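Reading through the C-alpha coordinates given below for one structure.
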Amino acid sequence: MSKAWAGGSTRAWRTQRARVLRRDNYRCVLCGEPANEVNHRVGKADGGGDDLGNLETLCTPH
Ligand SMILES: [Zn+2]
(Lines give C-alpha, C1' and ligand atoms only; values in the text may rest on other atoms or scores of the structure.)
Protein backbone atom coordinates (compact mmCIF):
# COMPACT_ATOMS: atom_id res chain seq x y z
CA MET A 1 0.00 0.00 0.00
CA SER A 2 2.10 2.95 1.19
CA LYS A 3 5.57 1.76 0.37
CA ALA A 4 6.92 5.25 1.04
CA TRP A 5 6.24 4.74 4.74
CA ALA A 6 8.12 1.46 4.98
CA GLY A 7 11.12 3.23 6.52
CA GLY A 8 9.02 3.99 9.57
CA SER A 9 10.24 7.51 10.28
CA THR A 10 8.96 9.59 7.41
CA ARG A 11 7.16 12.87 7.96
CA ALA A 12 3.90 11.19 7.00
CA TRP A 13 4.42 8.50 9.62
CA ARG A 14 5.21 11.02 12.33
CA THR A 15 2.02 12.91 11.46
CA GLN A 16 -0.04 9.73 11.54
CA ARG A 17 1.59 8.69 14.81
CA ALA A 18 0.72 12.04 16.40
CA ARG A 19 -2.89 11.57 15.26
CA VAL A 20 -3.11 8.20 16.98
CA LEU A 21 -1.61 9.57 20.20
CA ARG A 22 -4.12 12.42 20.25
CA ARG A 23 -7.02 10.09 19.48
CA ASP A 24 -6.05 7.85 22.40
CA ASN A 25 -5.30 10.86 24.68
CA TYR A 26 -1.66 9.76 25.00
CA ARG A 27 -2.72 6.78 27.10
CA CYS A 28 -2.10 3.07 26.65
CA VAL A 29 -5.23 1.42 25.22
CA LEU A 30 -4.55 -1.67 27.35
CA CYS A 31 -3.79 -0.27 30.81
CA GLY A 32 -4.65 3.46 30.62
CA GLU A 33 -1.21 4.59 31.73
CA PRO A 34 0.38 7.60 29.98
CA ALA A 35 2.04 6.33 26.82
CA ASN A 36 3.85 7.56 23.77
CA GLU A 37 4.35 4.44 21.68
CA VAL A 38 2.22 3.67 18.62
CA ASN A 39 1.74 0.05 17.67
CA HIS A 40 0.42 -1.66 14.54
CA ARG A 41 -2.39 -4.02 15.56
CA VAL A 42 -1.61 -6.07 12.47
CA GLY A 43 2.11 -5.94 11.76
CA LYS A 44 3.29 -4.69 8.41
CA ALA A 45 4.79 -8.10 7.74
CA ASP A 46 1.26 -9.51 8.05
CA GLY A 47 -0.26 -6.95 5.71
CA GLY A 48 -1.20 -4.28 8.27
CA GLY A 49 -1.35 -0.70 7.06
CA ASP A 50 -0.73 2.74 8.56
CA ASP A 51 -4.41 3.67 8.75
CA LEU A 52 -5.85 4.83 12.06
CA GLY A 53 -7.89 1.64 12.41
CA ASN A 54 -4.73 -0.44 12.53
CA LEU A 55 -2.84 1.77 14.98
CA GLU A 56 -3.10 2.01 18.77
CA THR A 57 -1.27 3.77 21.57
CA LEU A 58 0.68 1.56 23.95
CA CYS A 59 2.92 2.20 26.95
CA THR A 60 6.51 1.00 26.81
CA PRO A 61 5.85 -2.27 28.75
CA HIS A 62 3.12 -3.20 26.33
ZN1 LIG B 1 0.01 -0.36 28.97
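Fair warning: this is a prediction, and the values are worked out from it, not measured in the lab.
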Distance-minimising heavy-atom pair for Ala35 and Cys28: CB-N, 3.5 Å
Counterpart residues, side-chain contact (heavy atoms from CB on, under 4.5 Å), relative to Val20 (two or more places apart): Arg23, Asp24, Val38, Leu52, Leu55, Thr57
Partners passing side-chain contact (heavy atoms from CB on, under 4.5 Å) against Asn25 (at least two apart in sequence or in another chain): none
Worked check of salt bridge (Lys or Arg N to Asp or Glu O under 4.0 Å) between Arg17 and Asp50: CA-CA 9 Å; Arg17 191 176 172 283; Asp50 288 325; over 6 Å; no
Pairs touching residues 28-39 that satisfy salt bridge (Lys or Arg N to Asp or Glu O under 4.0 Å), sequence neighbours left out: none
Nearest heavy-atom neighbours spanning Arg27 and Pro34: NH1-CD, 3.7 Å
Salt bridge (charged side-chain N to carboxylate O under 4.0 Å, His left out) partners for Arg41, two or more places apart: Glu56
Pairs where residues 15-38 contributes a residue and the test ring pair (Phe, Tyr, Trp, His ring centres under 6.0 Å) is met, not counting sequence neighbours: none
Gap between atom CD of Gln16 and atom CG of Leu21 - 0.5 Å precision: 10.5 Å
Partner set under ring-ring contact (aromatic ring centres under 6.0 Å, His included) for His62, not counting sequence neighbours: none
Rounded distance [0.5 Å steps], CG in Asp51 versus CZ in Arg19: 11.5 Å
